[in-house]
Amino acid sequence: MRVLVLGAGGHARPVIETLRALGHEVAGLLDDAPGPAVLGAARLGPLASLAARRAEGLDAAVVALGNNVLRAELAAACRAAGFALPVLVHPAAIVSAAARLEDGAQVMARAVIGPEASAGCCALINTGAIVEHECRLAEAAHIGPGAILCGSVVVGARGLVGAGAVLQPGVRVGADATIAAGAAVSADVPEGGRFGGVPARPLPARKGP
Ligand SMILES: CC(C)(COP(=O)(O)OP(=O)(O)OC[C@H]1O[C@@H](n2cnc3c(N)ncnc32)[C@H](O)[C@@H]1OP(=O)(O)O)[C@@H](O)C(=O)NCCC(=O)NCCS
């Protein structure tokens, strides 16, 4: 299959490698910033040229952006333009036959998805993350590299679980919440909450812009 990749930043790299490991051809990249080819994949134009690429006959796309809000928006734009969003599972990932992955879900190398776990549209389970049995990841959730979700954890839409965080069994993380890298989460996190530390507590407000 020839696949268009949206985004040419950091996450585009493992996405390109995953596509090639699965035997797909990377048709090229769309990104608003100019720049060199990425791992030999050429930039074809800005994100706004999506419809033109569809008119050229491309019909499958992967949204290779770590930002959950943008990934969800661009997945919707892809669908509206008539692109299929294939599920991407790296050959070195382990996904239970009893797990359910919706369109555009991405499972990177060495991730593990347990039985009766589910991941919504364009959810991203990053390198080496463990999503145990019966976990439920909503649309565009992102489980960072090496994070561990014990059984029956729920992560709401666009929720971010930072790298190496551990979520104890049954914890519920609300939509648009952020769990800091390395956190140990033993209690529910509300929608939009920002929690970090061991044990996880609400984080101070953001210092950056
Ligand atoms: C939690 C996080 C989102 C905060 O980033 P930010 O919004 O830019 O906020 P700041 O860096 O200004 O930090 C705000 C406060 O949170 C603290 N903080 C930041 N990261 C933290 C962490 N991992 N654990 C505990 N506290 C943390 C900061 O020390 C600061 O507290 P202070 O004011 O007492 O010094 C970010 O540090 C993080 O962990 N992101 C996850 C990244 C990740 O793993 N992505 C996976 C995809 S590759």
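Both ligands and their constituent atoms are indexed starting at 1 by order of listing.
- In the displayed structure, R136 atom CZ is contacted under 6.0 Å by at most 12 heavy atoms of other residues, nucleotides or ligands.
- Short contacts between ligand 1 and R194, defined as distances under 4.0 Å to a heavy atom of the residue, involve ligand atoms 7 (O), 9 (O).
- Applying the 4.0 Å criterion to heavy atoms of T178 picks out, from ligand 1, the atoms 3 (C).
- In this structure, R53 pairs ionically with E56, as a charged nitrogen and a carboxylate oxygen lie closer than 4.0 Å.
- Looking at L160, L167, L149 one by one, the single match for side chain to side chain contact (heavy atoms under 4.5 Å, CB included) with V173 turns out to be L167.
- Atom CZ of R54 has more than 12 heavy atoms from other residues, nucleotides or ligands within 6.0 Å.
- Taking a cutoff of 4.0 Å between a charged side-chain nitrogen and a carboxylate oxygen, R172 and D188 do not qualify as a salt bridge.
- Remark: among candidates A163, A200, G182, the nearest residue to atom 43 (C) of ligand 1 is A163, based on non-hydrogen atoms.
- Below 4.0 Å from some heavy atom of H142 lie the following atoms of ligand 1, by number and element: 47 (C).
- Distances from atom 25 (C) of ligand 1 to the heavy atoms of G144, G197, P204 put G197 nearest.
- Some N or O of A181 is nearer than 3.5 Å to an N or O of ligand 1, by distance alone.
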